[in-house]
There are 2 protein chains.
Amino acid sequence: MARKKNSSAEVTGPRIRAAAQELFARHGYAAVSMRQIAAEVGVQAGALYLYTPDKQSLLFDMMRDHLAELLDTHAALPECADPMAALEQFTRFHIRFHNARSDSVFIAYMELRNLERANFTRIEAMRRSYEARLQEVLERGRAAGVFDVPDTKLAAFALIAMLTGVNTWFRETGRLSLSHVEDIYWDMVRKSVGG
Amino acid sequence: MARKKNSSAEVTGPRIRAAAQELFARHGYAAVSMRQIAAEVGVQAGALYLYTPDKQSLLFDMMRDHLAELLDTHAALPECADPMAALEQFTRFHIRFHNARSDSVFIAYMELRNLERANFTRIEAMRRSYEARLQEVLERGRAAGVFDVPDTKLAAFALIAMLTGVNTWFRETGRLSLSHVEDIYWDMVRKSVGG
DNA sequence: GTCTATACCGCGATAGAC
DNA sequence: GTCTATCGCGGTATAGAC
């Protein structure tokens with residue numbers, strides 16, 4: 001146990017990241033100023049530079065952390081020997097994980113253009129790695145004769161786009177619960193791969 | 001026949017809109033300056049205001065024109081009495097239309113946040129109107145007992161997200177032709193609605 | 001660790017000459 | 001119809017006091 005801290009040090013950094021995330025999601029990276037972020041946190045603009053080298057790092061770090069958590073959380077799921085069970089697990093996991101982090105997801109998809117080249121390359125690699133995991137499930141199912149999929153790469157793209165789309169319209173207060181939505185989407189996913 | 005024009009009048013306006021569209025698609029509305037647009041066209045920044053009242057109108061007009069063309073072109077397609085034929089027609093139309101206008105599509109999805117409220121409302125109404133047309137096809141198919149779809153509204157959202165996703169990865173120079181891609185997606189769409 | 005003050009730049013938009 | 005010049009503002013980022 002080290003000495004008691006005055007709170008500000010450990011608290012301000014996360015608060016800045018949270019404010020930046022919310023503002024980037026709502027207005028877009030390019031439209032948000034460092035002054036706005038500072039005002040949200042209750043500090044002066046200059047003070048932000050004690051916690052981040054620049055605005056670009058704020059964006060890159062939140063995208064990297066989001067994708068790292070996505071990959072880690074997915075990797076921690078129980079193994080499914082049955083391809084059909086694995087596909088259902090992926091479908092439900094994807095919807096739930098993304099719905100619970102709509103700001104991060106929105107930023108990760110919309111702000112790719114605003115990453116500097118080197119940062120973009122790293123983020124893209126993480127995204128492709130996630131897509132590859134779905135593709136592997138489809139590949140296994142096809143090899144086992146359970147799925148009828150002409151092109152597993154395209155099918156993975158198509159399914160991920162479909163599932164991520166839930167984020168654009170789903171609201172907790174709407175007529176359907178998330179688990180009901182999961183059921184409906186899983187029904188479509190299952191049928192679409194000929195299962 | 002009116003008097004011969006000096007070319008600049010009729011030509012500069014469209015060139016400005018084209019340059020704005022390309023730059024907005026590439027860098028995002030908020031990140032593009034009027035000076036950049038002017039430089040692309042080869043005029044001074046001040047000259048843009050002879051052709052548009054402001055930057056916001058540049059964005060709104062291109063989104064409105066894009067969606068108007070989408071609705072008009074779709075409405076001009078031949079009627080399909082058979083719901084299955086109608087769904088195939090929608091699928092192939094959507095992929096082809098959107099692939100041919102990737103800049104406009106990108107802007108119409110990514111820059112909604114940058115529309116002023118009144119403009120946003122008008123654009124949203126047009127987008128919903130397009131979604132409703134797919135929903136009607138699904139409704140007809142379900143009524144005829146051809147489709148097995150638990151919720152036609154969700155299915156319409158899911159299918160449009162899936163089809164629009166083609167734009168994020170398809171390249172003319174890739175391993176698959178667009179008509180091959182259409183075939184693969186139509187196969188998934190058809191199966192997903194239980195046809 | 002946060003502040004004020006500020007450097008330096010580029011923004012959208014307008015005015016008025018030509 | 002396009003130009004130059006400019007207004008007023010706000011951008012990112014830094015310097016130096018406390």
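Just so it is clear, the structure is predicted and the values come from calculations on it, not from any experiment. Order of the sequence lines fixes the chain letters, A, B, ..., with proteins taken first and strands second; residue numbering starts at 1 for each chain.
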Protein-nucleotide distance ([X], atom [atom1]; [N], atom [atom2]), rounded to Å:
X       : N      : atom1 : atom2 : value
B:Gln44 : C:dA13 : CD    : P     : 17 Å
B:Leu23 : C:dC11 : CG    : P     : 12 Å
B:Gln56 : C:dG12 : CD    : P     : 13 Å
B:His27 : C:dC11 : NE2   : P     : 12 Å
A:Tyr49 : C:dT6  : OH    : P     : 19 Å
A:Leu48 : D:dG11 : CG    : C1'   : 13 Å
B:Leu50 : C:dA13 : CG    : P     : 14 Å
B:Ile37 : C:dG10 : CD1   : P     : 17 Å

Electrostatic pair B:Glu136-B:Arg133, nearest N-O below 4.0 angstrom: no

Carboxylate-amine/guanidinium proximity below 4.0 Å for A:Asp65 and A:Arg17: no

Candidates D:dT2, C:dC3, D:dC3 - which lies nearest the side chain of A:Ala47: C:dC3

Selected nucleotide, minimal atom distance to B:Met34 side chain, candidates C:dA13, D:dT2, C:dC3: C:dA13

Ring geometry between A:Phe97 and A:Phe93 (parallel below 30°, tilted from 30 to 60°, perpendicular above 60°): tilted

Whether A:Phe90 and A:His74 hold their rings parallel, tilted or perpendicular, with breakpoints at 30° and 60°: perpendicular

Contact nearer the 5' end of DNA chain D, comparing A:Ala45 with B:Ala45: B:Ala45

Is any side-chain nitrogen or oxygen of [X] closer than 4.0 Å to OP1 or OP2 of [N]?
X       : N      : result
A:Ser33 : D:dG10 : no
B:Tyr51 : D:dT2  : yes
A:Thr12 : C:dT2  : yes

Touch class at under 4.0 angstrom, heavy-atom based, for A:Val41 against every strand present: nothing

Distance-only polar pair, side chains of B:Thr91 and B:Glu182, donor-acceptor under 3.5 Å: no

hbond_proxy B:Arg35 side chain to C:dG12 base (donor-acceptor, 3.5 Å cutoff): yes

